[in-house]
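For the single chain, residues carry numbers from 1 onward in sequence order. Being a predicted model, the structure only gives us computed values, none of them experimental.
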Amino acid sequence: MPKPPETVWPIEAHTKAKHRILRGYLDAWLPIMSAENERLVYIDGFAGPGVYAGGEPGSPIIALRSFLDHKSRQKITAELVYFFIEENEFRVEQLRREVAKLGPLPRNVRVEIQPGPYEEIFGQTIDQIEKAGNSLAPTFAFVDPFGYGQASMKLSGRFLQFERCEVLLYVPLLFINRFLSRHGQENALTTFFGTDRWKAARDLTGEARLKLLHNLFQEQLKRACGLDYVRSFEIVTAHKNSGYHLFFGTKHERGLE
């Protein structure tokens, strides 16, 4: 999954599927968590430009729309902080324009668009929180990188150490499988999985190889990130399995509902 060179690019079928899952979860998460907390945080680690070539909304706009269009919006009174991270400066500017198109936002909504690499920006944020001895407000992170070299298991573990934090993470297993034996990928794969046990998959083929990679990533989310509950969803498009997965992780059983 190479990073598109364009500022805005056509949406793919599996992306639409990801966005349906994201919207469905946020629609449920917002009223439940707002009833119990004064502040909620949403993080989009690879925010993109906020729009696709055909005018379809990107994940940041979908996240904002989840609140703005929510049938129970008046009951969602918590402060909502949307933290969008995007490395490409042209996409950052496009994202600012897409957010502005939504018009004046409600007083309880704050949007922060942070230019820079996800690992650097989010890592610095966690550093500051830990140094101050503070904790995170209930936070939901959507991590949808281009490829596997941009989102480390270590950073996910640092974020998920805090209570009431959850993650929805996109993993292109077929893409990973394709480059598993390519020279020079060892460090990136070990960083992504948080272990070098992925190397055992080199001796396997077909479904057995994909199953090992899937189960290892799921296990690492529990072991390295301290999550009690992890579920994966294989993205199906045009009645076919894509080999791409979303992994959802939480410490609380209620998050699975």
Side-chain angles (χ1 to χ4, degrees), residues 1-15 18 43-49 59 85-92 114-127 141-160 167-225 227 230 232-235 237 241-247 249:
M1 292 184 59
K3 186 181 297 184
E6 305 91 350
T7 300
V8 175
W9 59 94
I11 195 169
E12 298 183 60
H14 68 269
T15 300
K18 283 186 287 185
I43 296 171
D44 195 323
F46 300 85
S59 53
I85 303 171
E86 171 53 45
E87 184 173 7
N88 183 285
E89 60 179 317
F90 298 107
R91 293 173 187 164
V92 167
Q114 292 288 333
Y118 164 71
E119 287 278 324
E120 177 183 326
I121 298 298
F122 197 29
Q124 290 174 353
T125 300
I126 299 299
D127 288 343
F142 180 53
V143 183
D144 183 14
F146 290 108
Y148 50 82
Q150 301 175 305
S152 69
M153 185 67 70
K154 180 179 180 181
L155 182 56
S156 295
R158 293 184 64 201
F159 154 62
L160 291 165
V167 66
L168 186 64
L169 203 156
Y170 175 61
V171 181
L173 287 178
L174 277 184
F175 182 77
I176 293 172
N177 178 59
R178 188 186 313 164
F179 294 97
L180 203 63
S181 299
R182 176 175 288 190
H183 180 71
Q185 300 299 302
E186 290 84 356
N187 288 340
L189 286 164
T190 297
T191 297
F192 181 71
F193 283 98
T195 176
D196 65 359
R197 290 166 55 210
W198 60 267
K199 294 179 179 179
R202 289 173 170 174
D203 299 325
L204 303 174
T205 59
E207 288 298 320
R209 192 177 195 181
L210 288 171
K211 184 176 181 180
L212 185 150
L213 294 172
H214 172 279
N215 291 347
L216 176 60
F217 191 83
Q218 183 166 286
E219 177 188 335
Q220 283 295 100
L221 282 177
K222 290 183 177 181
R223 176 181 295 183
C225 300
L227 297 174
V230 177
S232 71
F233 308 88
E234 184 169 13
I235 296 173
T237 58
N241 293 341
S242 67
Y244 299 146
H245 289 75
L246 283 168
F247 286 81

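Summarising the geometry, atom CD belonging to Q220 is positioned 13.5 Å from atom CH2 belonging to W198; distances are rounded to the nearest 0.5 Å. The structure places OG of S232 at 12.0 Å from CG of L169, a figure rounded to the nearest 0.5 Å. Note: T191 OG1 to D196 CG = 11.0 Å, rounded to the nearest 0.5 Å. Atom-to-atom distance recorded for Q185:CD and I176:CD1 is 10.5 Å, nearest 0.5 angstrom. Taken from CG in L180 to CZ in F175, the straight-line distance is 12.0 Å, to the nearest 0.5 Å. To the nearest 0.5 Å, atoms OG1 (T15) and NZ (K18) are separated by 4.0 Å.
A salt bridge does not link E207 with K211: every distance from a Lys NZ or Arg NE/NH1/NH2 to an Asp or Glu carboxylate oxygen is 4.0 Å or more.
In this structure, the side chain of E6 does not engage the main chain of V8 through any donor-acceptor pair within 3.5 Å. Put simply, the side chain of E119 gets close to the backbone of S152: a donor and an acceptor are under 3.5 Å apart.
Taking every heavy atom of both residues into account, S59 and D44 meet most closely at OG-OD2, 2.5 Å. Across every non-hydrogen atom of L227 and G249, the tightest pair is CD1-CA, 3.6 Å. The two atoms that bring A200 and L212 nearest to each other are CB-CD1, 4.1 Å, heavy atoms only. Shown here for G48 and E86, the closest heavy-atom pair between the two residues is N-OE1, 2.7 Å. Nearest heavy-atom pair across A201 and R209 is O-NE, 3.1 Å. Minimum heavy-atom separation, L173 to H245: CD1-ND1, 3.5 Å.
Applying the ring-ring contact (aromatic ring centres under 6.0 Å, His included) test to F142 and every residue at least two apart in sequence or in another chain returns nothing. Shown here are the side-chain hydrogen bond (donor to acceptor under 3.5 Å, both in side chains) partners of S156, two or more places apart in sequence or in another chain: there are none. Partners of T7 by side-chain hydrogen bond (donor to acceptor under 3.5 Å, both in side chains), not counting sequence neighbours: none found. In terms of the side-chain contact (heavy atoms from CB on, under 4.5 Å) criterion, residue partners of P117 (sequence neighbours excluded) are, by chain and number, E87, E120. Every residue two or more places apart in sequence or in another chain that forms a ring-ring contact (aromatic ring centres under 6.0 Å, His included) with F247 is listed here: H214, F217. D127 meets the salt bridge (Lys or Arg N to Asp or Glu O under 4.0 Å) test with R158; sequence neighbours excluded.
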Pair F192-V171, side-chain contact (heavy atoms from CB on, under 4.5 Å): steps then yes or no: CA-CA 10 Å; F192 181 71; V171 181; 3.9 Å; yes
With side-chain contact (heavy atoms from CB on, under 4.5 Å) as the test, would you mind laying out the steps for F46 and R91 before giving the verdict? CA-CA 11 Å; F46 300 85; R91 293 173 187 164; over 6 Å; no
Going through the distances and angles, do L189 and F179 end up as a side-chain contact (heavy atoms from CB on, under 4.5 Å)? CA-CA 10 Å; L189 286 164; F179 294 97; over 6 Å; no
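Side chains of E89 and P115 form no contact here, defined as non-hydrogen atoms less than 4.5 Å apart. Annotation: side chain of P172 is not in contact with side chain of L174 (no heavy-atom distance under 4.5 Å). Side-chain contact check for P49 versus W9: some heavy-atom pair is nearer than 4.5 Å.
With a 6.0 Å radius and a threshold of 12 heavy atoms from other residues, nucleotides or ligands, F233 has its CZ atom above the threshold.
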